[in-house]
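Note sheet for the following structure.
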Amino acid sequence: MRLTIAIDGPAAAGKGTLSRALAEAFGLAHLDTGLIYRAAGRRTLDGTPALEAAQSLTAADLEADDLRTPDVARAASVVAAIPDVRAALVDFQRAFARRQGGAVLDGRDIGTVICPEAEVKFFVTASDDVRAERRFIELRDGGHDVTLGQVLADLRERDARDSARAAAPLKPAEDAVVLDTSGMDINAVVAAAIALVTDRTGIAPVA
Ligand code: DC
């Protein structure tokens, strides 16, 4: 089976939860492409030049346990605006997307640049306040010393940079299904997305 599901959207919109749920439901591999940019951004915080960081990433870099911090998120968004950095990461993502057995990829440019041919595309979004609150709870529960106001300001700054950049900006593909998760229970979002994948592809969930 060569099913590729592309999921894009701004920070903390619910992309990760939806991607993991779809991967499990249809028995697909999952790649969180934000982690790749976070791993590259993380290395720049140690002084490695951005392109060198992107070109020399290893699997271990993606498994580092400090990729979810606000500083790394900001550094990821900064390196992600550099066209050569994005170009260095394209082949790996495309190969993953077309792997035998199918894949779900989530990020900012999956439906527009990495997999324009994906069989199903979602653009997941939610209001700024809802996203900030979700990310605030995640960070606070992870032991980070942050305020809701800081998290909201960080999200807005990052979304603005990710949307305004010239190279592969954050935007819905023309054929993406937009899911606004603001007032929706995540289980309802997942159920709607599973039904849509089956409707579009004729493929039934396996789990
Ligand atoms: O999904 P995330 O919040 O972990 O992503 C971190 C940053 O990486 C995000 O602010 C922009 C960048 N990114 C990107 O430019 N393209 C992607 N496909 C995924 C992430």
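Both counts, for ligands and for their atoms, begin at 1 and track the order of listing.
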N/O donor-acceptor pairs under 3.5 Å from side chains in residues 138-152, not counting sequence neighbours:
unit_1: E138; atom_1: OE1; unit_2: R135; atom_2: NE; d: 3.1
unit_1: T147; atom_1: OG1; unit_2: Q150; atom_2: N; d: 3.1
unit_1: Q150; atom_1: OE1; unit_2: T147; atom_2: N; d: 3.1

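- Listed by chain and number, residues touching ligand 1 at under 4.0 Å (heavy atoms only) are T33, G34, Y37, R38, A76, S77, A80, R86, G107, R108, D109, R158, D162, R165.
- Applying the side-chain hydrogen bond (donor to acceptor under 3.5 Å, both in side chains) criterion to E117, with sequence neighbours excluded, gives no partner residue.
- One finds the NE2 atom of H30 at 8.0 Å from the CZ atom of F96 (value rounded to the nearest 0.5 Å).
- For the residue pair S77 and D162, a side-chain donor N or O sits within less than 3.5 Å of a side-chain acceptor on the partner.
- In this structure, R2 and Q100 have side chains that are in contact, with non-hydrogen atoms separated by less than 4.5 Å.
- For D71, the side-chain hydrogen bond (donor to acceptor under 3.5 Å, both in side chains) partners are R74, not counting sequence neighbours.
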